[in-house]
Amino acid sequence: MSPSAEPLVAVIQALSRARTLAEVQEIVRHAARALTGADGATFVQRDGDQCFYVDEDAVAPLWKGKRFPMNACISGWSMLNGKVAVIEDIYADARVPAEAYRPTFVKSLAMVPIRPSAPMGAIGNYWAQRHLPTESELNLLQALADSTSTAMENVALYAELEARVKDRTDALAMAKRSLDERETAKKELEQTEHQLRQSQKMEAVGQLAGGIAHDFNNALTVILSFSSLAAGHLKVGDPLRDDLNEIRKAGERAAALTQQLLAFSRKQMMNPKVLELGKVIRGMENMLRRLIGEDISLVVVTPPQVAAVFADIGQLEQVLMNLALNARDAMPQGGKLTIETADVRFDGEYAGTHLGVDAGDYVMLAVSDTGSGMDKETQLRIFEPFFTTKAKGKGTGLGLSTVYGIVKQSNGHIWVYSELGKGTTFKVYLPRRAGTLAMTESKPLEVRRLSGTETILLVEDDEQVRAVAKGILKANGYNVLVARNGGEALLTCEQFPKPIHLLLTDVVMPQMSGVQLAKRLAGLRPDMKVLCMSGYTDEAVLRHGVVDSGLAFVQKPLTPEGLLLKVRQVLERG
């Protein structure tokens, strides 16, 4: 069976529950072996200038408890260089002290450092037979190493939390405080610990979702584009055309799921503006009434004096729609749905008992229903991706996860209050924002055609995506020059004697980013327009300066229609 990323979610959840370093090491060693199908695995801990092999394995039982100098073993080499070490034959690699491996049955190995910038240790896989780890196996080991780094930090954080609990208990005993004060302090600590645990679990799953987004979006670009192009060459009614359309539809559903996961991981592309929350709600009121049905009454309370927020209007509408759908499903026999807004202020005392909340002014959005309510166990899991109380096939379990991610990405907070048989209230708090309200959304430039004869320089480091984009553009009349990286693009611009009308470049590439390339070419080709594309998420796009530079941007996965439309809009814009 080929390695899969699916078991990583269970591993991350197990790591989030680990309380000691020994637990982390045990989980990681078993996971490293299971994820890649290796014959053995080990956890190597750094101790100053030495590598300490924490546990043994059937393939290499003689290493348990042994120490090697950092510069005298392959795990040390991996940590010192912050790189993955892959050795297909340990007896033919100069970095490996053969005497350390000769008593074992190891033939091939791979070492991945934990936190390359300040390594805590390394995770190793071993194979008894000669084996060259695949890219997929190494990606899984790297994802496991990233999660292990977080888990080790969490262990230290929990130790610190336990010390604080002890200090507070001692202080209470010495001061002979009342029983009521002791009970209050205990509840506050339990609440903080619970919030911390939930936050860490959600963060770990979010990191996994964001980490795989780029590769998945590139793969979806190939699926969506080739299925659309192939279907376009077949006649209407051809059975193969119907099959290809089904493939395209499945790809579009996968792309939608990816966007929901990106929303949960707080890495969607955003277009925030200063908005009046009440206007957003009133603008959706008629749609919400149709959505919830006639047997549910809708009450909207939006005082005119409520302050503005800084958010993406499309994402706010998605939050409202998902919460309304959730309320509707909780009231199958009808009921009442109330949506209200209000200005609130969190003081220092409130912020101190709610993890991640800063004192200050907020705008509250409350969505309340009179439905079936939830028990405590369900409330603990409602924001987890793919968790649902609905029957199989009735929901994906991503609605509330999407709400959670959007709120967090907007620097807000969300809390749920529910009792069985008494209904549920979701309260969303978004920071107040002063500024000019956004009245209307700017419309994209309308184009009359998708084809053209201009010359386009396509820069993309992924071979399949490069081939797809080139095929789409050439099939629609464009003259396409291709480059695998920024260096090749610079050389092409210097040597090509005719005008180049558009630079279509990936954002994140080795050596030189798309924005850096555009700046380098601005002097050489001042009339050339620029369109950036990426399968990476909001964080990476912001970090590489696309938004700040004002360059046009198209999100992967690409489709033929979407790419051609964006290309024409950029080319025809004055």
Side-chain angles (χ1 to χ4, degrees), residues 210-222 224-225 255 258 262 267-271 444-445 452 454-474 478-496 499-560 562-573:
I212 65 174
H214 176 254
D215 290 342
F216 195 44
N217 278 331
N218 275 347
L220 286 174
T221 293
V222 177
L224 291 172
S225 297
T258 302
L262 289 178
K267 295 177 180 177
Q268 275 188 316
M269 287 299 296
M270 294 180 63
N271 184 25
L445 179 68
E454 292 91 342
T455 298
I456 299 175
L457 173 57
L458 170 64
V459 189
E460 168 62 61
D461 59 332
D462 186 285
E463 182 178 359
Q464 286 187 308
V465 176
R466 188 169 64 246
V468 167
K470 177 183 177 181
I472 293 171
L473 295 170
K474 287 185 69 68
Y478 293 101
N479 179 34
V480 183
L481 309 173
V482 295
R484 295 173 297 179
N485 50 53
E488 289 187 5
L490 289 170
L491 186 62
T492 299
C493 282
E494 292 175 354
Q495 296 179 348
F496 190 72
I500 300 177
H501 303 91
L502 176 69
L503 169 66
L504 175 60
T505 178
D506 193 16
V507 174
V508 183
M509 297 183 294
Q511 285 87 45
M512 187 185 304
S513 73
V515 175
Q516 291 172 333
L517 174 61
K519 291 179 179 178
R520 292 278 298 273
L521 292 176
L524 187 63
R525 301 271 182 169
D527 296 328
M528 181 174 65
K529 297 179 180 179
V530 181
L531 174 58
C532 294
M533 57 182 175
S534 181
Y536 276 107
T537 51
D538 170 53
E539 182 181 345
V541 173
L542 286 172
R543 187 170 65 249
H544 284 80
V546 174
V547 176
D548 292 340
S549 67
L551 297 176
F553 177 79
V554 59
Q555 178 76 48
K556 295 177 183 177
L558 304 174
T559 63
L563 175 61
L564 292 170
L565 177 63
K566 195 67 179 181
V567 165
R568 286 287 357 137
Q569 287 176 346
V570 175
L571 286 172
E572 294 179 14
R573 183 174 291 121

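Predicted, not measured: the structure shown is a model, and the values here were computed from it.
In this structure the side chain of Glu460 reaches within 4.5 angstrom of the side chain of Met533, judged on heavy atoms.
Ion pair Lys529/Glu572 not flagged as a salt bridge, since none of the NZ, NE, NH1 or NH2 atoms sits closer than 4.0 Å to an Asp/Glu carboxylate oxygen.
Put simply, the residue from Leu457, Ile456, Val459, Val530 that forms a side-chain contact (heavy atoms from CB on, under 4.5 Å) with Leu504 is Ile456.
A pairwise comparison of heavy atoms in Cys532 and Val507 identifies CB-CG2, 3.8 Å as the closest pair. Considering all non-hydrogen atoms of both residues, Val508 and Asp506 come closest at O-OD2, 3.3 Å. Here the closest heavy-atom approach between residue Ala489 and residue Ala483 is recorded as N-CB, 3.6 Å. Lys566 and Val554 get closest at one heavy-atom pair: CG-CB, 4.0 Å.
To the nearest 0.5 Å, atom OH of residue Tyr478 and atom OG1 of residue Thr455 are 11.0 Å apart. In this structure, Leu524 CG and Glu494 CD are separated by 6.0 Å, a value rounded to the nearest 0.5 Å. Note: Asp527 CG to Ile500 CD1 = 12.0 Å, rounded to the nearest 0.5 Å. With rounding to the nearest 0.5 Å, the separation of CG in Leu521 from CE in Met528 is 4.5 Å. To the nearest 0.5 Å, atoms CG (Asp461) and OG1 (Thr505) are separated by 9.0 Å. In this structure, the separation between CD1 on Ile472 and CG on Leu458 is 10.0 Å, given to the nearest 0.5 Å.
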_side-chain contact (heavy atoms from CB on, under 4.5 Å) for Met512 and Leu490? Distances and angles first, verdict last._
CA-CA 11 Å; Met512 187 185 304; Leu490 289 170; 3.8 Å; yes

*Check step by step if side-chain contact (heavy atoms from CB on, under 4.5 Å) holds for Gln516 and Gln511.*
CA-CA 10 Å; Gln516 291 172 333; Gln511 285 87 45; over 6 Å; no

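Panel note: side chain Arg525, backbone Cys493; a donor-acceptor pair is recorded below 3.5 Å.
For Arg484, the salt bridge (Lys or Arg N to Asp or Glu O under 4.0 Å) test picks out Glu488, with sequence neighbours left out.
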